[in-house]
Asker: 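The structure under discussion is supplied below as structure tokens; questions concerning it will follow.
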Amino acid sequence: MSAGALACGRHPDRRHLFRGAIWTFGEVIGRLAQEIEASARAKLAGKLACSSNAPYALTRQMASDDCIDVAWPVLSQSERLDTETLIACAKNKSQQHLLAISKRQTVPEAVTDVLVVRGSPEVVTSVASNAGASLSKSGFLHLVRRSEGDSILAESVGLRKDIPRHLFHQLIAKASEEVRQKLKRERPDIEHQVHRVVVDVTGAIHARFGPASKDYFTAKRTVAKLHERGELTEDKVFELAHSLKFNETTVALSLLCGLPIDVAERALIEKDRETVLILAKSLDFSWPTTMALLFLGAANYRITVGELDQLKIDFHRLNVKACREVVTIYRTRKEEVFGGSSQQPRRMI
């Protein structure tokens with residue numbers, strides 16, 4: 001500091017100087033880190049992961065390192081990583097990188113949304129077991145879907161106190177007896193729910209969308225765009241049904257099966273569930289997606305556990321080819337009635 005500065009009483013901003021020093025340090029070490037061997041980078045990463053003042057750029061560089069020994073401590077511990085960096089790593093790096101992210105003290109919804117879709121069973125179970133991992137509604141939907149046949153994941157998801165009630169009921173409905181018993185022991189607060197004979201499906205679907213409902217204008221426009229872009233996939237149908245979007249789901253079935261919208265609507269809400277089973281099987285949908293369709297249109301918003309088990313047996317007995325022939329025959333008969341081409345049912349919606 002110059003004598004003039006001292007005489008005038010001016011003092012440099014120490015915080016500014018400190019930040020400048022950190023930035024300079026990060027730049028120098030960052031260039032060196034590109035050239036040093038992995039073991040040395042791993043040691044450096046371990047020290048940076050615990051530092052609240054670690055340079056941002058260098059921390060991001062370490063987090064994105066292909067060597068998991070380098071990336072792990074930063075991804076799993078560092079508070080200097082921003083959400084965008086975590087998302088980028090979750091989308092592009094190895095399963096071990098994803099596992100490290102899932103171990104963080106807190107994981108934002110935007111990050112877990114990627115982990116539960118792209119992650120391995122180990123990663124997904126780690127996310128479900130981490131109380132500090134925030135899950136969006138979509139994230140829970142994927143967890144419930146992936147838990148079928150995976151008792152460890154089902155238990156981890158069931159133990160989360162933030163799981164939406166209707167999704168918890170669906171999880172219990174398809175969980176093994178062993179998982180149900182474990183959940184009753186671990187969560188006394190929900191024991192009465194596990195004992196319920198029926199699965200309660202929340203939402204006033206029929207109150208809003210009765211059999212006579214034809215208010216599909218918005219749904220048609222939205223779903224048709226997805227169909228045109230090739231984005232009307234099974235995953236999208238699953239998401240629509242689980243989100244209790246009755247109109248959108250009906251339009252989706254109509255488009256995918258090439259049937260009039262009133263047929264798709266009746267299939268969802270009829271007491272005889274065979275039609276919706278046939279439509280789902282003709283599209284080669286999985287059981288979780290089919291179950292979402294069943295819940296969406298269930299009378300009185302309920303399906304007994306016994307009925308659900310029987311529906312599952314009936315669904316797996318169906319043959320994809322045979323179901324497609326049934327749909328084709330029905331479509332042909334409709335075309336004969338209306339005197340249109342093979343595209344007539346699609347234009348009807």
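Throughout, residue positions are numbered sequentially from 1 according to the sequence presented.
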Asker: Could you give the distance from CZ (R60) to CG (D82), rounded to the nearest 0.5 Å?
Answerer: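 The CZ atom of R60 sits 6.0 Å away from the CG atom of D82.
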
Asker: Could you check whether E228 pairs with K225 (Lys NZ or Arg NE/NH1/NH2 to Asp/Glu carboxylate O, under 4.0 Å)?
Answerer: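 Between K225 and E228 there is no salt bridge, as every charged N stays at least 4.0 Å from the carboxylate O atoms.
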
Asker: Atom CG in L48, atom CG in L58: separation rounded to 0.5 Å?
Answerer: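 Reported value, rounded in 0.5 Å steps: 5.0 Å.
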
Asker: Which value, rounded to the nearest 0.5 Å, describes the distance between I152 atom CD1 and S147 atom OG?
Answerer: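 One finds 12.5 Å between CD1 of I152 and OG of S147.
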
Asker: Answer whether the closest heavy-atom distance between the side chains of L279 and L259 falls below 4.5 Å.
Answerer: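 Yes; the side chains approach each other to less than 4.5 Å.
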
Asker: Just do the side chain to side chain donor-acceptor pair (under 3.5 Å) check on E109 and S134 with the steps written out, would you?
Answerer: CA-CA 5 Å; E109 286 185 2; S134 299; 5.5 Å; no

Asker: Do the charged groups of E248 and R221 touch, with an N to O distance under 4.0 Å?
Answerer: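 So E248 does not pair with R221 through a salt bridge.
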
Asker: CG of L115 to CD of Q95: how many Å apart, nearest 0.5 Å?
Answerer: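 Separation between the atoms: 9.0 Å.
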
Asker: Do the side chains of D314 and R273 get close enough for a salt bridge, i.e. N-O under 4.0 angstrom?
Answerer: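 The answer is no: the pair does not qualify as a salt bridge.
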
Asker: For E274, give me all partners under side-chain contact (heavy atoms from CB on, under 4.5 Å), at least two apart in sequence or on another chain.
Answerer: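 If we apply the side-chain contact (heavy atoms from CB on, under 4.5 Å) test to E274, skipping adjacent residues, the hits are D272, I278.
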
Asker: Indicate the atoms forming the closest heavy-atom contact of T249 with A241, along with that distance.
Answerer: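 Taking T249 first and A241 second, the nearest heavy atoms are OG1-N, 3.4 Å.
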
Asker: Would you please name every residue forming a side-chain contact (heavy atoms from CB on, under 4.5 Å) with C67, sequence neighbours left out?
Answerer: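 C67 satisfies side-chain contact (heavy atoms from CB on, under 4.5 Å) with A38, R41, D65, D69, V70 only.
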
Asker: Ring pair (Phe, Tyr, Trp, His ring centres under 6.0 Å) with F285: which residues, sequence neighbours excluded?
Answerer: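 With sequence neighbours excluded, F285 shows a ring pair (Phe, Tyr, Trp, His ring centres under 6.0 Å) to no residue whatsoever.
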
Asker: Do V320 and C323 touch side chain to side chain, with heavy atoms closer than 4.5 Å?
Answerer: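 No, side chains not in contact.
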
Asker: Go through the steps for S156 and T125 under the test side chain to side chain donor-acceptor pair (under 3.5 Å), then give the verdict.
Answerer: CA-CA 7 Å; S156 297; T125 301; 5.5 Å; no

Asker: Identify, with sequence neighbours excluded, every residue that meets side-chain contact (heavy atoms from CB on, under 4.5 Å) alongside K43.
Answerer: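 By the side-chain contact (heavy atoms from CB on, under 4.5 Å) rule, K43 matches no residue at all.
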
Asker: Donor-acceptor check, side chain of K93 to backbone of L98, threshold 3.5 angstrom: yes or no?
Answerer: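 No, the answer is negative, given that no donor and acceptor are paired below the 3.5 Å cut-off.
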
Asker: Please name the pair of heavy atoms, one in L294 and one in W287, separated by the smallest distance, quoted to 0.1 Å.
Answerer: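 Here L294 and W287 meet closest at CD1-CH2, 3.8 Å.
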
Asker: Could you measure the distance from the CG atom of L240 to the OG1 atom of T250? Nearest 0.5 Å is fine.
Answerer: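 Output value for this atom pair is 10.0 Å.
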
Asker: Could you tell me whether K182 and E178 make a salt bridge, using a distance below 4.0 angstrom between a side-chain N and a carboxylate O?
Answerer: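 A salt bridge links K182 with E178.
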
Asker: Assess whether atom CD of E307 is packed by more than 12 heavy atoms of other residues, nucleotides or ligands within 6.0 Å.
Answerer: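 More than 12 heavy atoms, drawn from other residues, nucleotides or ligands, come within 6.0 Å of this atom.
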
Asker: Is E79 atom CD crowded by more than 12 heavy atoms from other residues, nucleotides or ligands, each under 6.0 Å away?
Answerer: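 No, not enclosed.
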
Asker: Checking R104 now: which residues fulfil side-chain hydrogen bond (donor to acceptor under 3.5 Å, both in side chains) with it, not counting sequence neighbours?
Answerer: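 Result, side-chain hydrogen bond (donor to acceptor under 3.5 Å, both in side chains) vs R104: none returned.
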
Asker: Tell me, yes or no, whether the heavy-atom count around Q105 atom CD, taken from other residues, nucleotides or ligands under 6.0 Å, exceeds 12.
Answerer: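 Check fails, neighbour count at 12 or below.
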
Asker: Can you tell me how far CD of E239 sits from CZ of R145, rounded to the nearest 0.5 angstrom?
Answerer: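 Rounded to the nearest 0.5 Å, the CZ-CD separation comes out at 10.5 Å.
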
Asker: Who pairs with R146 by side-chain contact (heavy atoms from CB on, under 4.5 Å), at least two apart in sequence or on another chain?
Answerer: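 Testing R146 for side-chain contact (heavy atoms from CB on, under 4.5 Å), a comparison that skips the adjacent residues, returns P121, V124, L153.
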
Asker: With side chain to side chain contact (heavy atoms under 4.5 Å, CB included) as the criterion, how do H227 and V251 come out once you've worked through the C-alpha distance, each side chain's angles and the decisive distance to 0.1 Å?
Answerer: CA-CA 10 Å; H227 192 42; V251 173; over 6 Å; no

